[in-house]
Amino acid sequence: MRRVSCLAPKRVSSKVTPTSLARKPPTRGLATAKAPSSLFASLDTFADRHIGPDDRELALMLSQLGYESMDAFVADAVPPKIRVSPADVSNESIPALTESELHARARELGQGNKPFKSYIGMGYHNAVVPPVILRNVMESPAWYTPYTPYQPEIAQGRLESLVNFQTMIMSMTAMDIANASLLDEATAAAEGMVLSFVNNGSKKRTFFVDQGVAPQTLAVLRTRAKGFGIQLVVGDVSRILEDDTLRSDICGALVQYPDVNGSIKDFSSLAESVHSAKALLVCATDLLALTMLKAPGEWGADIVVGNSARFGVPAGYGGPHAAFFACTEKLKRKMPGRLIGRSRDAQGKPAYRLALQTREQHIRREKATSNICTSQALLANMAAMYAVYHGPEGLKRIARKVHALTQLLKSLVEKSGYRVANSEFFDTLTIYAPAANTTAEALHKASTDVGINLRRIDDEFVGVTLDESVGLDDLIVLANVFATAASASPVSPLNLPHVDSIAAVPSALQRKSTFLPHAVFNTHHSETEMLRYIYHLQSKDLGLVHAMIPLGSCTMKLNSTSSMIPLTWPEFSTIHPFAPKDQVTGYLQVIKELESDLCKITGFHACSLQPNSGAAGEYAGLSVIRAYHESRGEGHRDICLIPVSAHGTNPASAVMAGLKVVSVKSLPDGSLDLEDLKAKAEKHKDNLAAFMITYPSTFGVFEDGVQDVLYLDGANLNAQIGLTNPATCGGDVCHMNLHKTFAIPHGGGGPGVGPICVAKHLAPFLPTHPVVPIGDENAINAVSAAPFGSASILLISWAYIKMLGGEGLSESTHAALLNANYMAHRLKDHYSLRYKNKNGRVAHELLIDLQEFDKAAGLKVTDFAKRLQDYGFHPPTCSWPISTCMLIEPTESETLEEIDRFCDAMIQIRKEAEDIITGKQPKDNNLLKNAPHPISVLTTSDAEWNRPYSRQAAAFPVPWLHERKFWPTVSRIDDAYGDLNLICDCPSVEETVESQSA
C-alpha cells in the first residue's frame, strides 16, 4: 500500500463521502491512500507526485458531478459488462516501488549490462554527446515535454532547430529537400522503397537491394514489401540490372554508401542505369563519412536515407535515433514524414511551421502509402545541435581522425598477418582471419577477454568499425586483440607505423564541395554561445514546464524526472543493439518485466516491444494478423473494417499490411453503428481479416456493444487501466503508445514506442530480428532496425509502471476520467459537448463543437485555438476527429487548480466570442481573429494599433496572467503562403546578412 505524510487527507474511495471534504484548503495536500504505517515507512511514493488532484480536490469534483463515491462515478462512465476485477491490476499483481527503491533496482539491473567497447558498427556507433547538449537538451524538460509543433506560434524554438536538422541533411547529402526525421534507418529505407513504387503509379513491382545493405534494413524491407506486393531482388545491383526481364519491371534500387562491410563504391554509373529504366535510386549513407565522401546528390541518388545518431545521440541499445530522408525536388510532395518550412506571420515576419500538413495520414487515411505521423524530433534536435556546436570544420576534424585511426588499424592488423578485404574505406574494415593462421571465433574470444565486441560476419571474417570515441589507448588494446589471436608481436604506442596522409577513399569519390555554410553552423562553437542558443530557442516553446497541454488522444501527462534519470546512465546509454545477450542481462530483464506488466494490464498473453511508434505498432499488429490467417490457409482474408471515428493512421497501417479498408459508420451520438458493422461483416465474411477499433473511441466515449472485435487501437488505454482491458473488450491484438499512457515524453514530436500485445494464438507471429533472433519460427520479419526498437526509453515506462504499481495505475485512470468529466461539467453551459454516453459521461477526453460560432460570428476552430495561446495554454487537438471540434484531454497529472484555470480561459474566450456575435466587436478585427498577440504586436505605436480593443484585453484578459504569462513569439502564421512558397532550410549566408542589415 502507498504510504505518505500523515498530514494529508485520505483518498476518496467507495467508502468515503466527499461531504466533510467539500471545502478546499488553502494549501494542497498529497494525494494519499493512508498515513505512514511506521516511522520507517517510505515517504517518496510516486503516485502522490504523479496524480495531480489531491483528495479534497477529487472529492470536490465528485460532488460537483453529483457523486458520493468514486465507484459510483466510474459505474456511470465505464460500461459494467467490460469491467475487470480490481485484482487484475493491483499491488499484488504489480508491486509498487518508491522512487528511491526504483533507482536502486535500476542500478542493480544496470550492473547486468557489461560495458564492453563495441566496434560492431552496422549503422550504430559510440556517439560522444557534448555535455552541453546532454544536460540542456536531452535531459531538459523544456525540450522533451512539448508536443509536436502543430501550434507553431508557441513552438518556434524547436521548429528552428528542426530546420537546422533538415538543412544539415540537405547540405551534407547535396539533396534538394529533407524531412524533419523518420523512425530509424531501416524504416526510412522502406519508405524510400515504397516511394519508388508509387512514383511510377504502382505498376512496376521489382525493387533491387544491393548485397552491401545492412541485414536489419533488408529484413524491414522484406516486411514492408510483402504488404505492397513488391518483389525484392537482392544481390550485386549492377549485375542484376543486366537481366532485361527484371530490369523491365524495376521501380527502384537501394545501395549502401559506404556499405555494411566498409567498402566504398562509385554508384554514378548505376544511377544512370537505374534512371534509364525510369526507376529511382535510393542510397543509405553515413553523415560523418559524407564530410569526406562525394555527396550522393552529386552522383545521381534520388533518395538518401540514414541514421543521424552518430551526431551526438547515445546508442541506447538501439535507440531512439533520428533517421533522415532527403530527396530531389520532383519528389518533395510525395516525401513521407513531417516537413518544416518557412512562412510568414500576420505582420510579415519570417516564421516556421509544419509544411504540407495535408500529407498527414489523419487526412489521407486509406489512400495513404505511409502511416508516418510522427518523427524523432528530440533526437533530430540533438543531432542538429551537434552540428551547430562543431560546425563544418569540427565535423571534418572528427571525420579525419576517425579515418586516420582506421588507416592505422589497417596497417597494424596487416602487420600481424591479416588481410583486409576492403582496400577503400572510411571507418570500417572487413578482416580475413585465416590469413593470419587464426579464425574469426578465436578473434571473438580474444576480444571478449578484454571487453571488446567485434562484428560477427562468418567463420572467416570479422568486422571492425571505429568512431569518435576511439582514442590511442583504445586502438592499442584493439590492435593487440588481433596480434594475440595471430600469436604476433604485441603493439605498443612506441612502435606505431606512419599513417598515410592520402585518404583510403577513391579519388573520384572524395568530397570537394563545401557543406554547412549557413551562419547557424558557424557561430555557436564556444559552450557559452551554445548554451545561450539552446536557451534562446527553448524560451520560444510552450511545454509541460509551463502549463497543461490538453491535447485529446495525446495524453500529455507528467514525464517524471525520477523515471527519466536512468536513461542517460552509461550502463544503459552506451550499449550497442547487437551486443551478445550475455552482456545485456540488465536490459533483457527490464524488457521481460515491462512485457509482463503490459500483458497484465491489457489481459493478453504476449508482447513485442519492437515497434518504435504507435503507427508502427498498428502496422505490426495487422501484419501479425495477416500471418496468422496465412498459417491457417486463409491468406485470402484481406478486408479490414475500420470505423470512421478511427485515428487516421489506422486505415493507412491496414493498407501497408496489404489489407483493404471498409469503413464502418458512427451514430449521431458518436457511438459505433453496430448495425452497419454487422451488415458489413456479413457482406465480407468470407474475406474478413480484422475489425480495427479505438476504445474508448476518438469521440471521447466508452461505447456499449464493443466486445466482438479483433484489433484494438490502444491510443486511449489511459482510460482503461484497472477498470477494463483490451482482451476483455474482445480484442486479439492491441498496440499501445508508451509515449502516451506510460509517460515517455513526446519530445516535441518524438520519440515514441508502440508495442503490441496479443492473444495466445497470435503470439507465434510476433516480429523477429535477423541479427539478434527473438520470437518464434513463425514470426514475421522485423518492423524496426533494432531488435527491441527504441530500447533505452523502455526504461521510462518500466519505471513509471514499477513506481505506480497496480494500485497507482488504477488510481491514475480514475483521476483521468474524473478530470475529464469535471471539465465537461464546467464547460457544458458554454460550449456544445458533442458526445457522451447514456449516463451523460465522457471517458478521459471530451469533444466540444464550435460550429455554432462559425455560423454566428465567422469564428473557426483555429481562432479559438490561437486565442488560447494568449492565455498561456497549448490548444487542445483541433479539427479532429471532427473538423468543427476540439478534443480535450486533461490527464490525471493536472491539479484542480490547473483544470479550473483552463476552464476559466475557455469560458472567458466564450464571452469574447459573444461580443462578436452581438456586434460589440467586428467579425474581421477582434481578439480571436487577431490572436495570438506577441510582444512585437503589443509594442507597436498607438498609430499602428488599429484594433477595437485594448492591449490589456489582448495580453492580460484574466488577472493571473500578470504573474504567469507565456508569450507567443510570432503572430498567426500564414499556412497557405508557406505551402505555396516551400522553403525548408536555414537562411542562406546572403539572407542572413540582408536581415542583419535590415
Side-chain angles (χ1 to χ4, degrees), residues 121 123 168-176 192 208-214 235-242 252-277 279-306 310 324 326-328 392-393 395-411 414 419-430 463 465-466 499-517:
M168 172 185 79
I169 301 304
M170 293 163 62
S171 182
M172 301 199 72
T173 61
M175 299 303 287
D176 297 322
F208 297 169
V209 183
D210 191 69
Q211 58 196 9
V213 168
D236 184 331
V237 170
S238 297
R239 292 185 179 178
I240 295 172
L241 277 167
E242 296 173 0
L254 171 66
V255 297
Q256 192 110 22
Y257 174 75
D259 74 14
V260 70
N261 299 314
S263 296
I264 300 171
K265 299 176 183 177
D266 188 342
F267 292 117
S268 56
S269 296
L270 176 67
E272 292 177 3
S273 181
V274 169
H275 293 157
S276 69
L280 300 180
L281 183 60
V282 185
C283 172
T285 192
D286 175 86
L287 289 180
L288 194 64
L290 291 186
T291 65
M292 297 183 67
L293 299 184
K294 188 175 184 178
E298 295 173 346
W299 51 251
D302 300 289
I303 299 168
V304 182
V305 301
R310 191 164 199 170
F324 58 86
C327 64
T328 58
E393 291 305 314
L395 294 176
K396 288 177 187 176
R397 285 195 294 268
I398 294 168
R400 285 194 290 263
K401 178 182 178 181
V402 170
H403 183 63
L405 290 178
T406 308
Q407 289 178 291
L408 181 56
L409 178 64
K410 178 177 181 288
S411 297
E414 288 177 337
R419 178 170 63 83
V420 175
N422 53 318
S423 59
E424 295 171 326
F425 54 84
F426 169 64
D427 64 0
T428 297
L429 304 175
T430 296
T465 298
L466 272 58
V499 178
D500 195 336
S501 60
I502 301 174
V505 175
S507 58
L509 293 176
Q510 292 181 15
R511 183 159 194 155
K512 296 179 175 59
S513 60
T514 59
F515 56 90
L516 303 183

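Note that the coordinates shown come from a computational prediction; the quantities given were computed from them, not determined experimentally.
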Take L254 and F208, measure what side chain to side chain contact (heavy atoms under 4.5 Å, CB included) needs, and give me the verdict at the end. CA-CA 6 Å; L254 171 66; F208 297 169; over 6 Å; no

Carefully, step by step, assess L509 and E424 under the rule side chain to side chain contact (heavy atoms under 4.5 Å, CB included). CA-CA 11 Å; L509 293 176; E424 295 171 326; over 6 Å; no

Can you tell me if [X] uses its side chain to pair, donor with acceptor, with the backbone of [Y] under 3.5 Å?
X	Y	answer
S171	F515	no
S263	D259	no
D302	L281	yes

Please find the pair of heavy atoms, one from [X] and one from [Y], that lie closest to each other, and give the distance.
X	Y	result
F425	T428	CB-O, 3.4 Å
V237	A253	CG1-CB, 4.2 Å
N261	T430	O-OG1, 2.7 Å
L429	V420	CD2-CG1, 4.0 Å
V304	T173	CG1-CG2, 3.7 Å
Y257	I264	CE1-CG2, 4.1 Å

Results of side-chain hydrogen bond (donor to acceptor under 3.5 Å, both in side chains) for [X] - residues two or more places apart only:
X	result
D236	none
Q407	none
T328	none
E393	K396

Under 3.5 Å, is there a donor-acceptor pair linking the side chains of D266 and S268? yes

For the pair R397 and R400, evaluate side chain to side chain contact (heavy atoms under 4.5 Å, CB included) and give the outcome as yes or no after the intermediate values. CA-CA 5 Å; R397 285 195 294 268; R400 285 194 290 263; 3.8 Å; yes

How long is the gap from [atom1] on [X] to [atom2] on [Y], to the nearest 0.5 Å?
X	Y	atom1	atom2	value
D210	S238	CG	OG	7.0 Å
R239	E242	CZ	CD	7.5 Å
K265	Q256	NZ	CD	10.5 Å
S276	L241	OG	CG	8.0 Å
D427	H403	CG	NE2	9.5 Å

Less than 4.5 Å apart, side chain to side chain, heavy atoms only: is that true for L516 and L395? yes

Does a side-chain heavy-atom distance below 4.5 Å link F324 with M168? no

Under the salt bridge (charged side-chain N to carboxylate O under 4.0 Å, His left out) definition, can you give me all pairs with a residue in residues 279-293, not counting sequence neighbours? D286-R310

Solution key, residues 287-300 side-chain donor-acceptor pairs under 3.5 Å, sequence neighbours excluded:
| from | atom 1 | to | atom 2 | distance (Å) |
| --- | --- | --- | --- | --- |
| T291 | OG1 | L288 | O | 2.7 |
| E298 | OE1 | A295 | N | 3.3 |
| E298 | OE2 | S513 | OG | 2.6 |

